[in-house]
Amino acid sequence: MPHHPPSAPSVKGVWPCRIYPGDLSHTSRVRAEIRADLAALPHLPAGLVDAVELCASEAFANAVEHTRSGQEGGRVVRSLTRPAHNRLRLAVVDDGTTDTTPRIPCERTAAEWVEAETGRGVLLIAALATGNPCTGNKRAGQ
């Protein structure tokens, strides 16, 4: 009989890993599946769910854009765990680096930042992962 992992987390909170083709057309699926997985925790604030969803899609896009995951046959693995009742852990694993590893551009002027079409994803993830979008500057989930 085939084994089908549960879609809801265990007591500590572990969802099955999800594997995506390394193509940006799958970003909406990444977002939808994060939201669906987090629905198993009905008391999470909507703002926190939105923040995790945004972090997942930004990390997925970076993996596709800046690693071998975005090359033919590439893939991205997403895991989600809840190591404690007040903590979520999202991991996005790519197929390894290329020569386009993402970097935070440090030498932009204020005007260049306003006009820039890329280069904010890592900053956005860092800000959302360390702050609670619902209550201000506390760490997410605390």
Side-chain angles (χ1 to χ4, degrees), residues 1-109 112-142:
M1 179 174 200
H3 177 299
H4 297 287
S7 59
S10 65
V11 173
K12 273 225 151 191
V14 177
W15 289 261
C17 288
R18 301 203 186 255
I19 301 172
Y20 303 97
D23 186 306
L24 290 176
S25 66
H26 295 275
T27 306
S28 62
R29 181 175 149 215
V30 171
R31 293 174 71 99
E33 289 180 352
I34 274 284
R35 189 164 285 281
D37 286 348
L38 291 176
L41 304 173
H43 301 295
L44 288 180
L48 181 58
V49 173
D50 292 344
V52 174
E53 178 185 354
L54 183 55
C55 287
S57 65
E58 285 292 328
F60 174 78
N62 271 348
V64 170
E65 184 68 25
H66 298 289
T67 75
R68 290 190 303 231
S69 291
Q71 297 173 357
E72 186 172 336
R75 58 198 183 133
V76 178
V77 177
R78 189 232 47 191
S79 72
L80 183 65
T81 60
R82 188 178 188 194
H85 77 280
N86 64 343
R87 181 102 37 229
L88 288 171
R89 179 170 292 137
L90 168 69
V92 176
V93 181
D94 57 55
D95 281 339
T97 62
T98 65
D99 60 350
T100 62
T101 303
R103 290 178 290 286
I104 298 172
C106 298
E107 299 181 19
R108 287 185 179 169
T109 66
E112 289 171 330
W113 273 108
V114 169
E115 297 295 321
E117 293 184 16
T118 63
R120 294 183 182 93
V122 174
L123 292 170
L124 181 63
I125 291 169
L128 290 172
T130 58
N132 187 331
C134 299
T135 61
N137 292 328
K138 293 181 182 177
R139 287 186 55 83
Q142 291 185 345

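Since we're looking at a predicted model, the values are computed, not measured. All heavy atoms count here, side chains included; hydrogens, waters and symmetry mates do not. For reference, positions follow the sequence shown, starting with 1.
Judged purely by atom type and a 3.5 angstrom limit, Thr81 has no side-chain atom pairing as donor or acceptor with the backbone of Pro83. Judged by distance alone, with hydrogens and angles left aside, the side-chain atoms of Ser79 form no donor-acceptor pair with the main-chain N or O of Cys17 at under 3.5 Å.
A distance of 4.5 Å separates CG of Asp50 from CZ of Arg35, quoted to the nearest 0.5 Å.
Inter-residue side-chain proximity for Val30 and Glu53 is flagged as unmet; no heavy-atom pair is nearer than 4.5 Å. Between His26 and Phe60 the shortest side-chain heavy-atom distance falls below 4.5 Å.
The minimum heavy-atom distance linking Thr27 with Ser57 is given by the pair CG2-CB, 3.7 Å. For Leu41 against Trp15, the heavy-atom pair with the smallest separation is CD1-CH2, 3.5 Å. Smallest separation of non-hydrogen atoms from Leu44 and Leu48: CD2-CD2, 3.9 Å.
Under a cut-off of 6.0 angstrom, the local environment of CZ in Arg75 is sparse, with at most 12 non-hydrogen atoms contributed by other residues, nucleotides or ligands.
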How far apart are the C-alpha atoms of Leu38 and Leu88, what are their side-chain angles, what is the distance that settles it, and do they pass the side-chain contact (heavy atoms from CB on, under 4.5 Å) test? CA-CA 10 Å; Leu38 291 176; Leu88 288 171; 4.0 Å; yes

Go through the steps for Asp94 and Arg68 under the test side-chain contact (heavy atoms from CB on, under 4.5 Å), then give the verdict. CA-CA 7 Å; Asp94 57 55; Arg68 290 190 303 231; over 6 Å; no

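Partner Arg18 forms a side chain to side chain contact (heavy atoms under 4.5 Å, CB included) with one of Asp37, Val76, Ile34, Val77 and no other, that one being Asp37.
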